[in-house]
Peer 1: 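I am attaching a structure below and will ask some questions about it afterwards.
Quick note: numbers below take in every heavy atom, side chains included, and nothing from hydrogens, waters or symmetry partners. Residue numbers count from 1 along this sequence.
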Amino acid sequence: MAKDDIVRRWLEIAAEDLEVAESNHSNGYWLYAAFLCHQSLEKVLKAYYQATHDDDPPYTHNHIRLLNVCGLIDELSEEQLRFIAHIEPMYIEARYPEQKAASARTMSRDVSKYFIEQTKELTQWIEKRLHESKPSTPSKSTSE
């Protein structure tokens with residue numbers, strides 16, 4: 001599969017995860033919405049890595065590690081860094097029973113909405129950088 005196709009597929013799956021997160025949010029499954037926001041953001045970061053490197057993204061769910069290997073961590077605002085710190089535990093807390101109940105009690109419609117809104121904003125920020133990082137294809141001369 002061509003590199004652009006792999007990047008496009010990562011982005012498609014990320015968009016699907018975010019769509020399902022929104023559905024879960026609407027139906028009151030706020031912890032699952034947060035988990036899927038985490039997954040969506042992870043996949044956008046892996047798309048960025050795939051587009052800007054010659055190898056596959058690392059097998060990790062850790063956003064901080066992905067941001068570091070993508071070279072994006074130092075470009076994040078304080079607000080973005082706070083969001084990353086807030087969403088990072090959602091991968092574990094939404095999946096493991098011993099943490100799930102405690103985490104579910106901290107979730108609310110407002111917190112779930114925050115995760116979705118921030119995921120959308122950070123996704124747009126990353127995708128903008130992804131498009132800026134791609135070399136432009138020289139256009140053909142009209143005189144040929």
Peer 1: Taking salt bridge (Lys or Arg N to Asp or Glu O under 4.0 Å) as the cut-off, I'd like each qualifying pair that reaches into residues 45-61, sequence neighbours left out, listed once.
Peer 2: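 Qualifying pairs, neighbours excluded: Lys3-Asp54, Glu42-Lys46.
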Peer 1: How close do Pro57 and Tyr49 get, counting heavy atoms only, and between which atoms?
Peer 2: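 In terms of heavy atoms, the two residues are closest at CA-CD2, 3.2 Å.
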Peer 1: Distance from Ser40 atom OG to Glu19 atom CD, nearest 0.5 Å?
Peer 2: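 Ser40 OG to Glu19 CD: 10.5 Å, rounded to 0.5 Å.
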Peer 1: Find out if a path of hydrophobic residues (ILVMFWY) with successive side-chain heavy-atom gaps under 4.5 Å connects Trp10 to Leu36.
Peer 2: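 No, no single cluster joins them.
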Peer 1: Can Lys43 and Glu16 be counted as an ion pair, charged N to O under 4.0 angstrom?
Peer 2: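 Answer for the salt bridge query: no.
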Peer 1: Answer yes or no: is there a side-chain heavy-atom contact under 4.5 Å between Thr60 and Val69?
Peer 2: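 Answer no - side chains too far apart.
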Peer 1: Run the numbers on His86 and Tyr114 for side chain to side chain contact (heavy atoms under 4.5 Å, CB included), then give the verdict.
Peer 2: CA-CA 10 Å; His86 200 78; Tyr114 165 78; 3.8 Å; yes
Peer 1: Quick one: does Leu76's side chain get under 4.5 Å of Leu122's, heavy atoms only?
Peer 2: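 Leu76 reaches Leu122 side chain to side chain.
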Peer 1: Could you tell me the separation between the SG atom of Cys37 and the CD atom of Glu22, rounded to the nearest 0.5 Å?
Peer 2: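 Reported to 0.5 Å precision, the distance equals 8.0 Å.
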Peer 1: Grab the two heavy atoms, one from Ser112 and one from His25, that are nearest each other, plus how far apart they are.
Peer 2: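 Here Ser112 and His25 meet closest at OG-ND1, 2.7 Å.
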Peer 1: Can you confirm whether Ile73 sits close enough to Leu81 that some side-chain heavy atom of one is under 4.5 Å from a side-chain heavy atom of the other?
Peer 2: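 Yes, side chains in contact.
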Peer 1: Is there a side chain to side chain contact (heavy atoms under 4.5 Å, CB included) between His61 and Glu88 once you walk through the steps?
Peer 2: CA-CA 9 Å; His61 303 288; Glu88 188 65 28; 5.9 Å; no
Peer 1: Do the side chains of Thr106 and Val111 get nearer than 4.5 Å, heavy atoms only?
Peer 2: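 They are not in contact (no side-chain heavy atoms under 4.5 Å apart), so the answer is no.
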Peer 1: Less than 6.0 angstrom separating the ring centers of His38 and Phe115, yes or no?
Peer 2: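 No.
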Peer 1: Please determine if Asp110 and Lys113 form a salt bridge, counting it only when a charged side-chain N lies under 4.0 Å from a carboxylate O.
Peer 2: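 Not counted as a salt bridge, because no side-chain N and carboxylate O are separated by less than 4.0 Å.
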Peer 1: In terms of hydrophobic clusters joined by side-chain contacts under 4.5 Å, are Ile116 and Trp30 together?
Peer 2: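 Looking at the clustering, Trp30 is in a separate group from Ile116.
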Peer 1: Determine whether Leu41 and Trp125 fall in the same hydrophobic cluster, where Ile, Leu, Val, Met, Phe, Trp and Tyr are linked whenever their side-chain heavy atoms lie under 4.5 Å apart.
Peer 2: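 Yes, it is one cluster - the side chains of Leu41 and Trp125 are joined through contacts under 4.5 Å.
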Peer 1: Return yes if some donor-acceptor pair links the side-chain N/O of His63 with the main-chain N/O of Ile87 below 3.5 Å, else return no.
Peer 2: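 No; zero donor-acceptor contacts below 3.5 Å.
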Peer 1: Any side-chain heavy atom of Pro58 sitting closer than 4.5 Å to one from Arg65?
Peer 2: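 Yes. Closest side-chain heavy atoms under 4.5 Å.
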Peer 1: If you take all heavy atoms of Ala85 and Pro89, which pair is closest and at what distance?
Peer 2: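 For Ala85 and Pro89, the tightest heavy-atom pair comes out as O-CD, 3.4 Å.
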Peer 1: Verify side chain to side chain contact (heavy atoms under 4.5 Å, CB included) between Arg129 and Leu72, making sure each step is shown before the conclusion.
Peer 2: CA-CA 9 Å; Arg129 274 142 190 83; Leu72 296 172; 4.1 Å; yes
Peer 1: Before accepting this row, confirm whether a basic side-chain N of the pair Glu79/Arg82 lies closer than 4.0 Å to the acidic partner's carboxylate O.
Peer 2: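 No, this pair does not count.
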Peer 1: Linking I/L/V/M/F/W/Y whenever any side-chain heavy atoms sit under 4.5 Å apart, do Leu45 and Leu11 land together?
Peer 2: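 Yes.
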Peer 1: Quick check on the hydrophobic clustering: are Tyr48 and Phe83 connected, directly or via other members, by side-chain heavy-atom contacts under 4.5 Å?
Peer 2: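 As far as the 4.5 Å side-chain criterion goes, Phe83 and Tyr48 are connected within one cluster.
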Peer 1: Set out, in order, the CA-CA distance, both residues' side-chain angles and the distance that settles side chain to side chain contact (heavy atoms under 4.5 Å, CB included) for Arg9 and Asp5, then state yes or no.
Peer 2: CA-CA 6 Å; Arg9 187 66 187 133; Asp5 293 333; over 6 Å; no
Peer 1: A side-chain contact here means heavy atoms from C-beta on lying under 4.5 Å apart; do Leu130 and Val44 qualify?
Peer 2: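 No, side chains not in contact.
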